[in-house]
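Following: one structure in structure tokens, then a few remarks.
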Amino acid sequence: MKKVFSLILVSLLVLSLTACSSSALTVSSVRKKGSIHMATSPDFPPFDYIGENNEVAGIEIDIWNIICEKLGVTLQIDQMSFDALLPSVQAGKIDVAVCGITASEERKKNTLFSMPFCLAAQSIVVPSGSEITCKADLEGKSVSVQSGTTAESFCTGEGYNVGSYESNTDAQLAMAAGKVDAWVIDDLTAMDMVATYNADHPDAPLVILSDVMTTEPYAFAFKLGGDDFVNEIDKILTELIEDGTMAEIFANYGLTYIAPEL
Ligand code: ARG
């Protein structure tokens, strides 16, 4: 028994040592390493998606290419499902997670966020002809959302009958197939995905309601403790907002950039 107990103690000690050993990011550690290891879930156009050459593309990729250029390091991009991103950054497996991540108070407890670079809201999407025409009509109805998202926690909190799907494409298809009454998703991605869907399905288009829910600041996610590096990222982001680069990036995707009030 004693042996088992000390074995447990030793493994706990080793575990906590390894947890501490992945040290927090600093500007000099990143420069020394020469690269930034990013991960995204590229199912979130126009922020992150798979582009023409089968490469990850989007607004956030453009922003990070510029950040890396300014820092003089290269960008390594991994793909993972949305709900794996924050645990990976928290465990120090990646340097930064990006993909329209809302910097919520809940997430701030175990994630360090950059300054917000964009404000989003949740949109309600329904098949055309649906009897749901505003948020109040959602009462008692079923909605699809992407699992692990703020749409999921918001809709659960509102008491809707929530169906969670691994990707937004699955959540969209579930609604289009009539498995749920509505689909709740961030506004700019809703516009992008609905436009693509409607171009392919002109006879059964989807409609984005004018009622939006929540206001959510998007920011980049880091492991707690990386303040030295994140302060530098905030400086660069402020520069990109002030010199018009951010507006240019958004304009390349047909969007008008509105800087979040800081
Ligand atoms: N803004 C929402 C959130 O942080 C949704 C983000 C979904 N991103 C994605 N790549 N699918 O929960």
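When a ligand or atom number is given, it counts from 1 through the structure's own listing order. We're numbering straight along the sequence, starting at 1.
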Q: Give the intermediate values and the outcome of side chain to side chain contact (heavy atoms under 4.5 Å, CB included) for residues Val27 and Arg31.
A: CA-CA 6 Å; Val27 178; Arg31 286 221 165 99; 3.4 Å; yes
Q.
One pair to check against side chain to side chain contact (heavy atoms under 4.5 Å, CB included): Phe220 and Val230. What are the steps and the verdict?
A. CA-CA 9 Å; Phe220 303 118; Val230 176; over 6 Å; no
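By the 4.5 Å heavy-atom criterion applied to side chains, Ile36 and Phe229 are counted as neighbours. Counting heavy atoms from C-beta on, the side chains of Met38 and Asp95 never come closer than 4.5 Å. Counting heavy atoms from C-beta outward, Met175 and Val125 have side chains that approach closer than 4.5 Å.
Taking a cut-off of under 4.0 Å to the non-hydrogen atoms of Tyr218, the atoms of ligand 1 that pass are 1 (N). Heavy-atom contacts of Ile101 reach the following atoms of ligand 1: 4 (O) (cutoff under 4.0 Å). Of all the atoms in ligand 1, the ones that sit under 4.0 Å from a non-hydrogen atom of Ser41 are 10 (N).
In Phe47, neither the side chain nor the backbone holds a heavy atom less than 4.0 Å from any atom of ligand 1. Counting heavy atoms closer than 4.0 Å to ligand 1, residue Glu60 contributes nothing at all.
At a threshold of 4.5 Å between side-chain heavy atoms, the hydrophobic network of Ile, Leu, Val, Met, Phe, Trp and Tyr places Ile233 and Val30 in one connected group.
Remark: minimum distance from atom 6 (C) of ligand 1 to any protein heavy atom is reached at Gly100 O, 3.3 Å.
Within a 6.0 Å sphere centred on CD of Glu166, heavy atoms belonging to other residues, nucleotides or ligands number 12 at most. Heavy-atom contacts from other residues, nucleotides or ligands closer than 6.0 Å to NZ of Lys135 number more than 12. Counting heavy atoms of neighbouring residues, nucleotides and ligands inside a 6.0 Å radius, atom NZ of Lys33 exceeds 12 of them.
Ligand 1 has a nitrogen or oxygen under 3.5 angstrom from a nitrogen or oxygen of Asp43. For a threshold of 3.5 Å applied to N or O pairs, the pair formed by Thr102 and ligand 1 contains at least one separation below that value. Below 3.5 Å of separation, one finds no N or O of Phe82 facing any N or O of ligand 1. For the pair Cys99 and ligand 1, the shortest N or O to N or O distance falls below 3.5 Å. Residue Thr149 has no N or O atom closer than 3.5 Å to an N or O atom of ligand 1.
Ring centroid separation for the pair Phe47 and Tyr218 comes in under the 6.0 Å cut-off.
Between Glu152 and ligand 1 there is no heavy-atom distance shorter than 4.0 Å. Using a non-hydrogen distance threshold of 4.0 Å, Asp186 registers as a contact of ligand 1.
Relative to atom 3 (C) of ligand 1, the option among Val145, Thr150, Thr214 with the closest non-hydrogen atom is Thr150. With atom 11 (N) of ligand 1 as the reference point, the heavy atom nearest to it among Met80, Gln146, Glu216 is part of Gln146.
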